[in-house]
Amino acid sequence: MTMLEVEGTKASSFNEREFQITTVARMIEDGRSYWVTGGGTPIFAILLGQRRYAPNAQYITEDGVIAPEPMLPFEPIMTMVASRPSYRALAWGTMNTAGNHAQLGYMDYGILNGLQVDRYGNINSTLIGSGKEMRHFGGPGGADSIAANCWRIILMTDQEKRKFVERVDFISSAGFLDGTPNARERAGLPRGTGPWRVVTPWAMYDFDDERRMRLIAIAPYVTVEEVLAECEYPPQVAEQVETLAVPTEEELEVLRSQLDVQGQATGVRSGWVTLEGDKYVRQTGD
Amino acid sequence: MTMLEVEGTKASSFNEREFQITTVARMIEDGRSYWVTGGGTPIFAILLGQRRYAPNAQYITEDGVIAPEPMLPFEPIMTMVASRPSYRALAWGTMNTAGNHAQLGYMDYGILNGLQVDRYGNINSTLIGSGKEMRHFGGPGGADSIAANCWRIILMTDQEKRKFVERVDFISSAGFLDGTPNARERAGLPRGTGPWRVVTPWAMYDFDDERRMRLIAIAPYVTVEEVLAECEYPPQVAEQVETLAVPTEEELEVLRSQLDVQGQATGVRSGWVTLEGDKYVRQTGD
Amino acid sequence: MRILAEGTAPYLPVDPDGFREYVREHKSRALEPKLLSAQEAVARFVADGDYLVYDCNYLQRGPSILIREIIRQRKRDLWLCGKFTYVDVGLLIGAECATKVDCGFFYQGKAIDRAIDEGRLEIYEYSNVVMTLRLQAGAMGLPFLPVRSLGGTDGFSQSGAKLIEDPYTGQPITIVPALNPDVALIHVHQADQYGNARVFGTGIAHEESALASKKVIITAEEIIDTEEIRSDPGRTSIPYYAVDAVVHAPFGAYPGTCQGYYGSDTAHVIECFGAVSRDGVAQYAEKWISPFATDQEMLDKLVGEEKLSQLRANETITEGYRP
Amino acid sequence: MRILAEGTAPYLPVDPDGFREYVREHKSRALEPKLLSAQEAVARFVADGDYLVYDCNYLQRGPSILIREIIRQRKRDLWLCGKFTYVDVGLLIGAECATKVDCGFFYQGKAIDRAIDEGRLEIYEYSNVVMTLRLQAGAMGLPFLPVRSLGGTDGFSQSGAKLIEDPYTGQPITIVPALNPDVALIHVHQADQYGNARVFGTGIAHEESALASKKVIITAEEIIDTEEIRSDPGRTSIPYYAVDAVVHAPFGAYPGTCQGYYGSDTAHVIECFGAVSRDGVAQYAEKWISPFATDQEMLDKLVGEEKLSQLRANETITEGYRP
């Protein structure tokens with residue numbers, strides 16, 4: 001069965017990052033609110049989702065921009081506290097505005113990036129390794145608050161072995177913590193929240209009743225085995241793993257000509273995929 | 001010795017409320033900040049003080065008006081959340097703005113009214129009496145926060161027996177509480193704060209080293225005995241009780257023609273005082 | 001870390017997670033038109049027994065039209081947030097709409113005395129800033145906030161506050177329970193049909209009240225286009241998703257002032273004080289409220305165009321109130 | 001009421017009463033002219049060892065001119081509030097001005113790696129909103145605030161947070177210590193000579209940072225007359241009494257954008273990332289900072305009138321940024 005199929009002309013050529021973004025864009029629910037990190041793929045996913053499928057989905061950014069109609073494209077880096085992303089918002093606030101509204105339960109979804117994710121959906125964006133080998137990265141930024149307070153969390157990350165681990169080197173943003181029932185509540189986090197989906201350029205995961213990450217769908221250009229080979233710790237696997245639909249030409253047109261015109265998000269570490277006969281094939285050597 | 005003497009033509013006729021307001025107006029310290037309750041005598045005292053003696057004294061009101069240059073006179077009742085008292089402020093905020101800035105220590109002085117005050121400077125504006133005889137009044141309003149957080153508190157009240165008591169019927173706004181050392185700090189209030197002066201139409205009080213209210217000055221038209229007769233609980237009395245200077249014509253001109261033009265504050269329960277020979281005499285039968 | 005003392009008053013249960021779940025189920029994050037009449041808004045969103053907060057008061061940019069509508073619809077057993085009020089508490093108690101009040105300040109009179117004497121009114125003791133801080137806690141989704149006042153007073157004992165040992169300084173500090181009212185009534189200068197609302201000038205806790213409350217009714221002097229909101233987002237005081245109903249209410253603050261728009265009707269203001277003072281709320285309602293199906297009818301017939309024009313003309317100050 | 005868990009990181013001591021006393025002694029409530037040059041302001045108000053907060057960052061309406069001035073004056077041993085930063089932390093660490101950082105987010109690179117390897121940098125772990133909430137606690141004069149995030153993370157363990165039993169709900173809740181920095185640097189669109197300051201558009205925590213800090217330096221694109229402030233008091237973001245110095249700094253956020261006023265210098269922005277990435281902060285400073293006595297000289301000689309005009313022209317959006 002094909003998952004997240006939409007109307008349009010199936011693209012015969014796209015890159016994996018574009019596949020990941022269109023996949024999340026199709027998950028955007030109309031009439032719902034999204035707290036998105038300012039940079040990278042999450043903002044493109046919500047913008048594409050709004051333009052194609054969910055015109056009344058709204059989003060807020062960490063600097064308190066509420067429901068903007070941004071002027072596209074953004075300048076490099078300038079995704080917050082800048083005029084284009086803030087354009088035609090319904091309200092301008094500050095970081096505490098965003099934080100408070102999320103604490104109040106007003107944010108349906110959060111969309112995040114992360115360096116590493118573990119079997120309980122905990123997210124690391126702080127450091128990799130330990131002791132002498134430890135390397136400090138940027139820190140959670142807003143992700144800790146997004147992961148704690150939005151009702152459902154969508155994590156966008158890469159499908160790489162070292163990124164899917166049993167236990168992240170550092171929990172920057174809370175998933176289900178140690179996976180025990182109510183572990184989040186015992187840590188003071190709001191009831192009924194937590195990781196919901198993980199989407200990579202190759203696959204989609206949800207979380208089972210025991211809060212373990214579970215592979216539920218793959219891209220048409222990879223196999224389950226290939227995905228699992230890129231997980232240091234093997235996730236649960238759904239009985240039926242579905243196949244995700246490929247991007248449409250209409251989506252790519254928006255993404256390439258309006259959103260990520262400089263290839264900032266879609267150009268990063270991303271292989272190319274082409275239709276060969278009736279099969280989508282990854283171009284190796286990327 | 002005469003206290004708070006200023007330049008100007010001594011008035012030969014004024015009422016006791018005007019005397020009280022001019023007394024406090026002369027205490028206004030230039031360059032300092034005042035949190036004043038919106039209505040009644042405190043606002044007239046700071047306005048008069050600014051106009052005559054302390055042009056760089058600033059005030060804030062409970063609705064977050066910071067350092068206004070109000071359009072005078074005010075309409076009846078309309079002393080907050082209204083355009084005339086808010087006019088030409090340096091900033092407009094809300095009640096939490098005022099509360100936060102006071103908690104931060106930005107308010108040098110608070111000027112308050114109250115129904116009752118006790119020997120430790122505790123203020124009652126909530127209820128009088130107890131049991132069946134209890135009558136509920138309006139509550140502290142902003143006075144609790146003013147009394148807790150401003151560095152020095154000036155209370156303006158009437159010189160009436162039932163208002164100067166051993167223990168107020170209800171502590172609405174904290175004075176020195178039970179008078180023991182550090183009682184305020186033990187109650188969670190900021191260090192180094194507390195009642196500073198009580199000013200009535202007849203007298204001025206400070207607080208001695210043991211935090212007890214002490215009579216330090218009287219109006220020229222009353223005696224110490226008359227004042228003490230209007231205290232249910234006798235205050236401490238300074239070794240030297242000084243005499244407060246009378247209003248000047250210049251002060252009364254400002255007060256009557258610019259500030260309290262409708263006699264809202266100065267007309268309330270106030271006897272008339274006139275110069276007879278070289279003595280100021282209260283007109284009885286008021 | 002110890003609790004050193006606590007007040008004994010009942011308070012609205014503190015339940016941040018429950019409030020979040022209410023928001024999730026009942027507040028729309030979509031842009032949906034929310035224009036209703038005052039009548040419909042009060043009928044749908046104010047229930048008997050509700051905890052009610054209104055910002056400012058009957059005389060100063062308050063939702064006076066909705067306070068009259070509550071009296072008209074004979075709502076009962078309301079619990080009032082009595083911060084920075086004048087005559088409103090007295091009117092709602094005199095009209096037998098309210099039975100409890102968290103007191104910061106209200107204008108006292110025989111209407112209130114009688115309710116106390118007849119055992120129809122419970123008063124819990126706070127102060128203005130303490131109440132707006134409780135609303136701020138509610139608006140932040142937190143269970144409580146510390147505060148540097150209230151401690152040591154008799155109000156503390158008759159409130160929901162607690163004195164605890166501060167785990168950081170070791171010193172005593174007062175904390176107060178978050179307040180998440182059932183319903184908030186907020187009068188604003190401008191709003192769009194979705195509820196994006198602008199307040200000009202000072203206020204008491206309009207943003208906090210809206211965000212802290214389950215149901216929010218905005219009354220607005222002017223309904224403006226969303227385009228206007230989007231052209232100056234820094235002027236938005238309350239975002240649409242906190243709002244359930246928008247009532248177009250020119251002179252909605254009458255007889256009070258709406259700063260920058262019109263002055264107060266002094267004669268009527270004095271009449272309000274009189275009604276509360278001498279326990280004459282029933283007569284007040286018989287004159288100003290019950291004869292009219294809507295507030296607009298009252299404004300038309302009892303106040304009249306000329307008087308309203310005069311009140312507008314009386315407000316000579318507009319600086320800072322027009323974007 | 002119990003403490004269930006606590007982080008182990010050092011944090012700036014929590015002392016609301018001490019902060020109040022600092023305010024009482026050192027902050028003027030009078031209207032006093034406060035115009036200073038960037039040089040004087042940093043010399044007088046930034047001391048070695050200070051805890052430093054700046055709002056926004058070197059690339060987005062940050063006080064970039066003062067960050068350069070701090071590097072020029074070789075300030076040492078600063079403790080940085082690393083909320084919502086990009087390259088600033090890297091620049092200040094690469095220039096050996098800072099030795100500690102409370103981390104929300106910063107752009108990582110070899111400049112930081114090397115400082116860690118050489119034992120010159122301590123990092124304590126928070127997140128952006130947790131840091132702005134700590135500033136809010138500081139700006140309210142409170143010792144701590146509850147927060148609904150951070151709990152359960154490894155950041156919690158390496159922070160100053162505590163998990164306590166909420167005395168109202170009985171549930172676990174995280175609290176974080178108030179932050180009252182020694183010095184705040186805030187870039188604004190407009191300010192008067194007394195420090196009344198206006199920020200247009202979104203921000204991170206400009207108001208909170210100013211009110212929470214002992215010493216406050218404002219850099220302003222435009223110095224406006226106090227008459228203008230008084231004509232629209234609703235636009236004032238920071239009141240004068242929180243401010244110690246006002247620096248007139250057109251293009252003070254360069255190479256970053258100042259929303260509504262000018263866009264960023266993309267080439268220079270990329271150079272900043274490069275400097276932090278490849279541990280080239282010294283070379284960056286040798287090019288952009290040390291050769292010039294003042295920032296104005298750098299703007300004149302190295303950037304030039306034409307480029308600056310272009311950056312202004314690039315900012316085509318003005319709606320909401322001009323009162």
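It should be emphasised that the depicted structure is a prediction, and the values quoted were computed from it without experimental measurement. Throughout, protein chains are lettered first and strands after them, A, B, ... in sequence-line order, and every chain is numbered starting at 1.
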Does any backbone or side-chain atom of [X] lie under 4.5 Å from a heavy atom of chain B? Answer side chain, backbone, both or neither.
X: Thr266(C); value: side chain
X: Glu208(C); value: side chain
X: Leu150(C); value: both
X: Tyr107(C); value: neither
X: Tyr126(C); value: backbone
X: Ile123(C); value: side chain
X: Val147(C); value: both
X: Glu319(C); value: both

[atom1]/[X] to [atom2]/[Y] distance, rounded to the nearest 0.5 angstrom?
X: Met78(B); Y: Leu59(C); atom1: CE; atom2: CG; result: 5.0 Å
X: Leu133(C); Y: Gln103(B); atom1: CG; atom2: CD; result: 6.5 Å
X: Ile123(B); Y: Thr153(C); atom1: CD1; atom2: OG1; result: 11.5 Å
X: Asn128(C); Y: Ile146(B); atom1: CG; atom2: CD1; result: 9.5 Å
X: Ile270(C); Y: Ile77(B); atom1: CD1; atom2: CD1; result: 8.0 Å

Max heavy-atom pair count under 4.5 Å with chain C, selected residue of [options]:
options: Ser83(B), Gly64(B), Ala148(B); answer: Ser83(B)
options: Glu62(B), Lys132(B), Arg184(B), Arg88(B); answer: Glu62(B)
options: Thr61(B), Asn124(B), Asn149(B), Ile171(B); answer: Ile171(B)
options: Ser145(B), Gly99(B), Gly139(B); answer: Ser145(B)

Let me know if [X] has heavy atoms under 4.5 Å from chain C in its side chain, its backbone, both or neither.
X: Tyr87(B); result: side chain
X: Pro76(B); result: side chain
X: Leu189(B); result: both

For Thr132(C), is there any backbone N or O sitting under 3.5 Å from a side-chain donor or acceptor partner on Asn96(B)?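 Yes, the answer is positive, given that a donor and an acceptor are paired below the 3.5 Å cut-off.
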
Mind checking whether Val129(C) and Asp144(B) have side chains closer than 4.5 Å, heavy atoms only?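 Val129(C) vs Asp144(B): side chains apart.
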
